[in-house]
Amino acid sequence: MSKSSPDSAEGRAIQLEAGWLVALQEAFNQPWMHELRRFLLAEKAAGKIIYPKGSLIFNALNSTPLEQVKVVILGQDPYHGAGQAHGLSFSVPPGIAVPPSLQNIFKELKRDLNIDSPDHGCLAAWAAQGVLLLNTSLTVEQGKAGSHAKSGWQHFTDLVIEQISRLRPHLVFMLWGAHAQSKQPLIDASKHLILRSPHPSPLSAHRGFIGNSHFSRCNDFLSQHGLSPIDWRLA
């Protein structure tokens, strides 16, 4: 069940999964959230195209309720091309070409678990199983990667990471690349599994992402703690 927050980043009530709304309530009253709201409104008033569309900004949280989170895959910001971003890190909607980083994720899945690559790049089936596909910035300007990285989203998503680390047991965090790994201090390593490797980008995938075995290591950890493993196959 989802409920409305009192104030969204876009200046209107948003639908946010009830568990997340309780855990993140304090964020919506912070000065940085009000500044973020003003920033996004000003960007839109200036005619800039922002991705994803407003109804999908919090898609990662609404697709994976707080009480169901088992795995966190941390991305940096949404894809900045037309039609690509839909609020889930590394994922694109059906019918959109699979981006290079996601192609490398699929290559590692094949190497690690012998799972064939699907003919699409939509990871919603992972989100439905408890994989939180979170970007550290939830919006981006068209054609400008990282353009909203310091707009205030970093405070919001840091709070998300802190809260799930505190509230959930035995999570697996997949931190790919330096940006994701910079969030490690927010995670309680005494109870969660933290998996680190280079980013799956074509610039770095062959320096250690391919061969990291994160998907099988994740499922081994979940099974060891009595949790059902993730079915990484995508139909």
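Values below: every heavy atom of this structure, side chains too, minus hydrogens, waters and symmetry copies. Predicted model only: the values in this text are computed from it and were never measured.
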Practice task
Output, in order, the C-alpha distance, side-chain angles, deciding distance and verdict of side-chain contact (heavy atoms from CB on, under 4.5 Å) for V72 and M174.
Solution key: CA-CA 6 Å; V72 181; M174 297 185 183; over 6 Å; no
From [X] atom [atom1] to [Y] atom [atom2], the distance as rounded to the nearest 0.5 Å:
X	Y	atom1	atom2	answer
R166	I187	CZ	CD1	15.0 Å
N135	I73	CG	CD1	11.5 Å
I115	R233	CD1	CZ	7.0 Å
I50	S147	CD1	OG	6.5 Å
E67	I164	CD	CD1	14.0 Å
H120	S91	NE2	OG	9.0 Å

Any donor-acceptor N/O pair, [X] side chain to [Y] backbone, under 3.5 Å:
X	Y	answer
Q154	G152	yes
W126	W232	yes
E17	G19	yes
S216	D112	no
N104	P200	yes
N212	R196	no
N219	I230	yes
Q84	P99	no
Q103	V98	yes
S182	H179	yes

On a heavy-atom basis, which atom in [X] and which in [Y] lie closest, and how many Å separate them?
X	Y	value
P78	Y51	CG-O, 4.2 Å
W20	L66	NE1-N, 3.3 Å
S89	L123	O-CD1, 3.9 Å
S228	L222	O-CD1, 3.9 Å
K107	I210	CB-CD1, 4.1 Å
V140	G146	CG2-N, 4.1 Å

Taking the six-membered ring for Trp, is the centroid-to-centroid distance between [X] and [Y] below 6.0 Å?
X	Y	value
F173	H192	yes
H199	W176	no
F58	W153	yes
H86	Y79	no

Would you say that [X] contacts [Y] through its side chain, given a criterion of any heavy-atom pair below 4.5 Å between the two side chains?
X	Y	result
L36	M33	yes
K191	L171	no
L24	L61	yes
K44	L40	no
L234	C122	no
K48	Q142	no
L159	E26	yes
K70	V172	no

Handout entry: Full working for side-chain contact (heavy atoms from CB on, under 4.5 Å) between L41 and R38
Key = CA-CA 5 Å; L41 290 173; R38 288 191 290 269; 5.7 Å; no
Would you please say whether a donor-acceptor pair under 3.5 Å links the side chains of [X] and [Y]?
X	Y	answer
S165	D188	no
S137	D77	no
Q163	R168	no
S213	R111	yes

Practice task
May I ask you to decide whether D158 forms a salt bridge with K183, counting only side-chain N to carboxylate O separations under 4.0 Å?
Solution key: yes
Handout entry: H148 vs F39, ring-ring contact (aromatic ring centres under 6.0 Å, His included): CA-CA, chis, key distance, verdict
Key = CA-CA 9 Å; H148 292 183; F39 168 78; 4.9 Å; yes
Handout entry: Trace of the side-chain contact (heavy atoms from CB on, under 4.5 Å) decision for E141 with E43
Key = CA-CA 9 Å; E141 182 182 345; E43 293 289 281; 3.8 Å; yes
Handout entry: F221-L175 co-clustered via ILVMFWY side chain contacts under 4.5 Å
Key = no
Problem - Stepwise side-chain contact (heavy atoms from CB on, under 4.5 Å) test for L195 and F215 - result: CA-CA 10 Å; L195 299 175; F215 300 102; over 6 Å; no
